[in-house]
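Below you'll find the structure, written out as structure tokens, and then a few comments.
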Amino acid sequence: MHHRTTTTTIPLILIACLLTGCRLRQDPLYTATWDGIEFLGTEESADGTWKPPPPSITRCFTTTLPPEEAVQRIMTTAEQENWTETKPTPKPATTRWARKERIKLYISAADERCENHPETNLILTLSIAIN
């Protein structure tokens, strides 16, 4: 009986981890840092409340760099970590989108704010791709 419980429990834990964003925390962009960009904190979608949106983690930053430069610094790191830009780069490039496997990346310095960090002027959001 113990063996059967262990066999059943492990897949359930893995499924729960995927649904709650464990994979998001494993990506190098979850802990990356950049000169001129100060990390303030994170905001996560709450367990069980993400439907229809997928689980996501938003990293909140403040920067005195020009918005396009700050977004480009993050995007350069993303490209080094095998992220692929999924939409054409807008002009001015204060918002960018990318994808890697089953994760989406959104970077924005366009009037974005974090609820718990009102001084935020730059965000990076990682979310599970549902399509």
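In this structure a side-chain-to-backbone donor-acceptor pair under 3.5 Å is missing from Arg102 to Ile128. The backbone N or O of Thr58 lies less than 3.5 Å from no partner atom in the side chain of Glu44, so there is not a single donor-acceptor pair. Of the possible polar contacts, none joining the Glu81 side chain to the Pro28 backbone as a donor-acceptor pair under 3.5 Å is found. Looking only at distances, a side-chain donor or acceptor of Arg59 sits under 3.5 Å from a matching main-chain atom of Ala32.
For the pair Asn121/Arg113, a side-chain contact is recorded, criterion being any heavy-atom separation below 4.5 Å from C-beta on. Side-chain contact check for Glu68 versus Lys91: every heavy-atom pair is 4.5 Å or farther apart. With a 4.5 Å cut-off on side-chain heavy atoms, Thr62 and Leu122 do not count as touching. At least one side-chain heavy atom of Ile74 sits under 4.5 Å from a side-chain heavy atom of Ile37.
Residues in residues 57-119 take part in these disulfide (SG to SG under 2.5 Å) pairs, two or more places apart or across chains: Cys60-Cys114. Within the structure, every pair that satisfies the side-chain hydrogen bond (donor to acceptor under 3.5 Å, both in side chains) test and touches residues 28-39, not counting sequence neighbours, is listed here: Trp34-Thr77. The disulfide (SG to SG under 2.5 Å) analysis of residues 75-110, with sequence neighbours excluded, yields no pairs.
Residues satisfying the side-chain hydrogen bond (donor to acceptor under 3.5 Å, both in side chains) test with Glu85, not counting sequence neighbours, are Thr89, Arg96. Annotation: side-chain contact (heavy atoms from CB on, under 4.5 Å) contacts of Ala98 (sequence neighbours excluded): Met75, Trp83, Leu105. Residues that satisfy the side-chain hydrogen bond (donor to acceptor under 3.5 Å, both in side chains) test with Thr63, not counting sequence neighbours, are absent from this structure. For Ser127, the side-chain contact (heavy atoms from CB on, under 4.5 Å) partners are Pro54, Ser56, Lys104, not counting sequence neighbours. Under the side-chain hydrogen bond (donor to acceptor under 3.5 Å, both in side chains) criterion, Thr120 pairs with no residue at all, not counting sequence neighbours. Every residue two or more places apart in sequence or in another chain that forms a salt bridge (charged side-chain N to carboxylate O under 4.0 Å, His left out) with Glu69 is listed here: Arg73. Residues passing the side-chain contact (heavy atoms from CB on, under 4.5 Å) test with Thr84: none are found, sequence neighbours excluded. Residues that satisfy the salt bridge (charged side-chain N to carboxylate O under 4.0 Å, His left out) test with Glu101, not counting sequence neighbours, are Arg23.
No continuous path of ILVMFWY side-chain contacts below 4.5 Å connects Leu40 to Ile57, so the two sit in separate hydrophobic clusters.
Nearest heavy-atom pair across Thr86 and Arg99 is CG2-CB, 3.5 Å. Closest non-hydrogen pair, Ala110 versus Thr95, comes out as CB-OG1, 3.8 Å. Val71 and Ala109 make their closest contact through CG2-CB, 3.8 Å (heavy atoms, listed as atom of the first residue, atom of the second, distance).
Residue Tyr106 is found in a hydrophobic cluster whose other members, listed by chain and number, are Trp97, Ile123; membership requires side-chain heavy atoms under 4.5 Å apart, directly or through intermediates.
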task = Step by step, work out the side chain to side chain donor-acceptor pair (under 3.5 Å) result for Gln72 and Thr76.
result = CA-CA 6 Å; Gln72 183 57 51; Thr76 297; 3.0 Å; yes

ask   = Does the side chain to side chain contact (heavy atoms under 4.5 Å, CB included) test come out yes or no for Ile103 and Leu24, once each step is laid out?
value = CA-CA 7 Å; Ile103 306 174; Leu24 303 176; 3.6 Å; yes

